[in-house]
Amino acid sequence: QRMTDLALAQEVLQDSRKLQMWEAAREDRVRGKTTPPPQQDRNQHDSGFQGSFGGAWGSGRKQRPPPPKPSPRPPPKPAPAPRPPAPKPKEREKGWKEVKRTQTKRGSATVHTITRELELPNGQIKVEQSEKTCFPAQKDCTEKVVERWRRRKEDL
């Protein structure tokens with residue numbers, strides 16, 4: 001028995017990888033673990049290494065149970081309901097008066113700054129400032145409201 005232990009120790013000490021495997025197996029035995037080393041490591045070594053341990057990872061120990069099967073995936077969620085159509089823009093109120101219009105050049109575009117007013121029945125005036133941008137390469141111009149505010153009729 002002592003001669004086989006000595007031969008085993010000499011063989012293990014000759015190769016650092018074998019030494020690491022031997023130490024890991026010894027730690028597992030001390031801790032009471034019954035897991036064999038990973039399959040890929042066991043197959044990478046020559047048969048002399050496997051034979052010298054004489055079944056330390058084989059028939060004398062319990063085998064690891066197969067990993068549990070993953071639970072089936074839940075059914076996919078139904079597609080979200082389509083969005084409702086965007087609300088239609090309000091019709092432009094009638095009675096707007098154009099108070100001021102200026103024209104400037106920004107690069108190749110011509111920009112018109114337009115100020116409009118609308119009298120309200122409660123004695124207030126709605127004021128709207130918008131920009132109309134026209135590019136020479138486009139047929140139509142785009143108009144965008146920049147700012148809106150209210151003021152009293154008396155304030156001028």
Test item: Val127 and Arg150 side chains (from C-beta on) under 4.5 Å apart, heavy atoms: no
Pairs meeting criterion disulfide bond (SG atoms under 2.5 Å apart) with involvement of residues 101-138, two or more places apart: Cys134-Cys141
Donor-acceptor contacts, no H, no angles, side chain residues 142-149, under 3.5 Å, sequence neighbours left out:
| unit_1 | atom_1 | unit_2 | atom_2 | d |
| --- | --- | --- | --- | --- |
| Glu143 | OE2 | Arg116 | NH1 | 3.0 |
| Glu143 | OE2 | Arg116 | NH2 | 3.0 |
| Glu143 | OE2 | Ser130 | OG | 3.3 |
| Arg148 | NE | Glu128 | OE2 | 3.1 |
| Arg148 | NH2 | Glu128 | OE2 | 3.3 |

Pro136 versus Ser108, closest heavy-atom pair with distance: CD-O, 3.3 Å
Pairwise distance CD(Glu117) to NZ(Lys153) - rounded to 0.5 angstrom: 11.0 Å
Inter-residue atom distance Glu98.CD - His112.NE2, 0.5 Å rounding: 10.0 Å
Heavy atoms of other groups near Lys105 NZ, more than 12 under 6.0 Å: yes
Side chain to side chain contact (heavy atoms under 4.5 Å, CB included) partner of Thr102, the single match among Ile114, Thr115, Thr113: Thr113
